[in-house]
Amino acid sequence: MTMLRVRDATVRFGGIVALDGISLDLNRGEILGLIGPNGAGKTTLFNCISGVIRPDHGSILFETNDLTYAPPHERARLGIARTFQNLQLWGSMTVEENLMVPMDALGRRNTFSDALYLPFSAYAERASSERARAILHVLDLGRYARTPAGDLPAGIQRRVEIARALAMRPRLLLLDEPAAGLDAQETAHLADLLHAVRERFHVSMLLVDHDMSLVMRVCDFVYVLDFGKLLAHGRPAAIRDDPKVIAAYLGEESKKPAGDVATVATPREGPPLLEVDRLAAGYGGLEVIRDVTLSVRPGEVVACIGANGAGKTTTLRAISGMIHARGGKVTFAGKDVTGSSAERITKLGLVHIPEGRGLFPTISVEDTLRLVSNTAGHEVDPAPAFDLFPKLRQRRRQLVGTLSGGEQQMVALARAILSQPRLVMIDEMSQGLAPTVVRQLFDIVRVFREQGIAVLLVEQFVESALDVADRAYVFEHGTIALSGPAVELRNDRKLVTGSYLGTAVDATAIAANGNGHHIDPALMEILSVRVPAKVKRALEERAENEGRPAGAVVVELLGKVDDQ
């Protein structure tokens, strides 16, 4: 039976179309993956399903219930539970108590019945305790039952949050980034546990995660979003090899023609300008990066690539002093800057352009550039920036917030150049920009090199980043999995693709399934009582591939059975 149906979901935030007519099916008993690059619309769709936001157009059906405008608590009552990317546990309560709270909320117990020791209250308490123990056993949490949740490592807390969601007796579990902050071993263990949860508690799942090793291992079927539209859908192995999906993740559309690409592999001499040794950092109780070791030499362009959530942005923040390192050492220009303030590090000549650009939207372009005078200690002439970006000269009186995304990125780069830095760290320079604009910005990175300015670049357009870089580091699970000359990594396309889209599960290990929207709902609902979801998926896939109604495929198959 089709458990969840999303039809033509459209969401707008002002003039931005976050979702554009998205349709999605999740069958009973499935684990369905929802993936896509940054800004693809995954979180928006997830929030529509969980009730955090309402779609401007379209419908959401859960079994026979219309959820389009239902509030979150009504969805929970119908059997939909969710986890959160940012851990939302009660840290001072034990693991078992974290599970008992939602059970008590759904039960008939109250303070009065507990005080009088009424029989139904005692029975409800025993039943809740037994279910809690069963959940903890399946998720391998039994040994932590009496431990305060706040004292546990982030990987264990992730499992506790899943356990708490299961305590609500859901039929559909929405998992938001369950692998965030986990290393490779913890992620593999989580994949096994999710399969065990499905079998033991008969729960379907919708999984949103940037960790492709988890998605490819655990999901039966995958939807891919890009710029708010449905890019592809299919089995994990097919999705991993889909050229459209690879282009969306690696940013191939930003590449120059082959004849225009300048191969850069010039070895840089001299001691490193920046040295990072076994760096560890995170947020709250979550350790995002561990044992990160890298270096950048004067005038060198170094790219940091890897899947979303791999720890690239956190690494840059820890280097620049935006967050404090929990371990390791950062040395810049021969000075130990580990734990130093961002202001001190900036004065040494390290400029960090964060994701989102970090500009003041209510002041003009020229005033933004003149702010560099405050850190430089003398009046700064913005003319060199206007020579490099002629378009900004025309916009010098315009408020930064009214500029296009590409023009705002130009302002951020111009401000960095006026600071006369020794090293510029750029986080997601191309995010949300058109390919033609991206090519222009990468030309500026080459200008940095020509002026002897080193660049540490975190970039989602992998092909373009490797074209401009001397060396590159590949991040996976919060650490560096691979490093080498950019020209070698660019030529090893399979290796780079695997870092973003994970390793596809052997097709023979996955039961035939599929997804399509050209089906006969009435006939398929009747059949769903008699056949497993995997068979229903196979029927839907065959019907879509052949361009026929699913009912016709079923009738044909039944006819072959009769003939035999």
Side-chain angles (χ1 to χ4, degrees), residues 38-39 42-43 46-47 52 82-93 95 98 144 147-162 164-165 175-187 190 208-211 213-214 276-294 304-330 337-346 350 352-358 425-428 431 456 458 460 473 475-481:
N38 285 334
K42 305 183 300 296
T43 299
F46 193 86
N47 287 336
V52 176
R82 69 166 292 178
T83 65
F84 297 86
Q85 181 177 359
N86 298 320
L87 292 166
Q88 302 289 329
L89 298 174
W90 293 291
S92 61
M93 300 173 62
V95 171
N98 268 271
Y144 306 111
T147 305
D151 294 344
L152 296 172
I156 306 299
Q157 290 189 37
R158 290 286 177 195
R159 281 189 269 153
V160 174
E161 189 158 51
I162 295 174
R164 188 179 61 180
L175 300 173
D176 189 3
E177 300 284 356
L182 305 188
D183 60 26
Q185 184 177 0
E186 291 172 327
T187 300
L190 176 62
V208 173
D209 208 294
H210 288 135
D211 193 327
S213 64
L214 176 67
V276 178
D277 183 34
R278 293 175 294 179
L279 186 65
Y283 310 95
L286 184 63
E287 185 179 63
V288 178
I289 61 172
R290 58 191 73 83
D291 293 327
V292 171
T293 298
L294 57 83
C304 296
I305 63 177
N308 295 335
K312 308 182 298 296
T313 293
T314 301
T315 298
L316 264 57
R317 289 177 176 175
I319 293 172
S320 66
M322 291 181 65
I323 63 175
H324 290 293
R326 298 179 179 179
K329 183 179 180 180
V330 179
V337 297
T338 311
S340 298
S341 66
E343 292 80 6
R344 176 175 178 265
I345 296 175
T346 300
L350 190 155
H352 180 192
I353 302 177
E355 185 177 8
R357 305 174 186 108
M425 300 194 305
I426 311 175
D427 192 359
E428 297 291 5
Q431 186 173 16
L456 182 59
V458 168
Q460 62 178 335
Y473 293 93
F475 280 67
E476 288 186 14
H477 301 289
T479 191
I480 293 176

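Everything numeric in this text was worked out from a predicted model, so none of it was measured. The residues of the chain are indexed from 1 along the displayed sequence. Scope of the values below: all heavy atoms of this structure, side chains included, with no hydrogens, waters or symmetry mates.
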Novice: Quick one: closest heavy-atom pair of D209 and P178, and the distance?
Specialist: OD2-CD, 3.0 Å

Novice: Got a sec, which residues hit salt bridge (Lys or Arg N to Asp or Glu O under 4.0 Å) with R82, two or more places apart in sequence or on another chain?
Specialist: D176

Novice: Step by step, would you call H477 with S213 a side chain to side chain contact (heavy atoms under 4.5 Å, CB included)?
Specialist: CA-CA 10 Å; H477 301 289; S213 64; 3.5 Å; yes

Novice: Indicate the atoms forming the closest heavy-atom contact of E161 with F84, along with that distance.
Specialist: OE1-O, 3.1 Å

Novice: Any heavy-atom pair between the side chains of L456 and I319 that's under 4.5 Å?
Specialist: yes

Novice: Answer yes or no: is there a side-chain heavy-atom contact under 4.5 Å between V276 and T315?
Specialist: no

Novice: Taking all non-hydrogen atoms of both residues into account, name the closest pair between L175 and T83 and its distance.
Specialist: CA-OG1, 3.5 Å

Novice: Please list, chain by chain and in numerical order, all residues satisfying side chain to side chain donor-acceptor pair (under 3.5 Å) with T313, sequence neighbours excluded.
Specialist: D427

Novice: Looking at every heavy atom in both G311 and I289, which two are closest together, and how far apart are they?
Specialist: O-CG2, 3.3 Å

Novice: Taking side-chain contact (heavy atoms from CB on, under 4.5 Å) as the definition, give me every residue that meets it alongside T43, ordered by chain and number, with sequence neighbours left out.
Specialist: N47

Novice: By the definition side chain to side chain contact (heavy atoms under 4.5 Å, CB included), identify the one residue from V292, T479, T293 that meets it with R278.
Specialist: T293

Novice: Among residues at least two apart in sequence or on other chains, which ones pass side-chain contact (heavy atoms from CB on, under 4.5 Å) with R326?
Specialist: E287

Novice: Quick one, F46 and E177 - any side-chain contact, counting heavy atoms below 4.5 Å?
Specialist: no

Novice: Consider side chain to side chain contact (heavy atoms under 4.5 Å, CB included). Of E428, H352, E355, M322, which one does L316 pass it with?
Specialist: H352

Novice: For Q157, what residues pass the side chain to side chain donor-acceptor pair (under 3.5 Å) criterion, not counting sequence neighbours?
Specialist: none

Novice: Testing the basics here: between A325 and A281, what is the closest heavy-atom pair and its distance to 0.1 Å?
Specialist: CA-CB, 4.3 Å

Novice: Measure across L214 and L190 and return the closest heavy-atom pair with its distance rounded to 0.1 Å.
Specialist: CD2-CD2, 4.1 Å

Novice: Report the residues that fulfil side-chain contact (heavy atoms from CB on, under 4.5 Å) with A310, sequence neighbours left out, ordered by chain and then residue number.
Specialist: F475

Novice: How long is the straight-line distance from CG of L279 back to NZ of K329, given to the nearest 0.5 Å?
Specialist: 12.5 Å

Novice: Hey, what do you get for CD1 (I345) to CE (M425), rounding to the nearest 0.5 Å?
Specialist: 8.0 Å

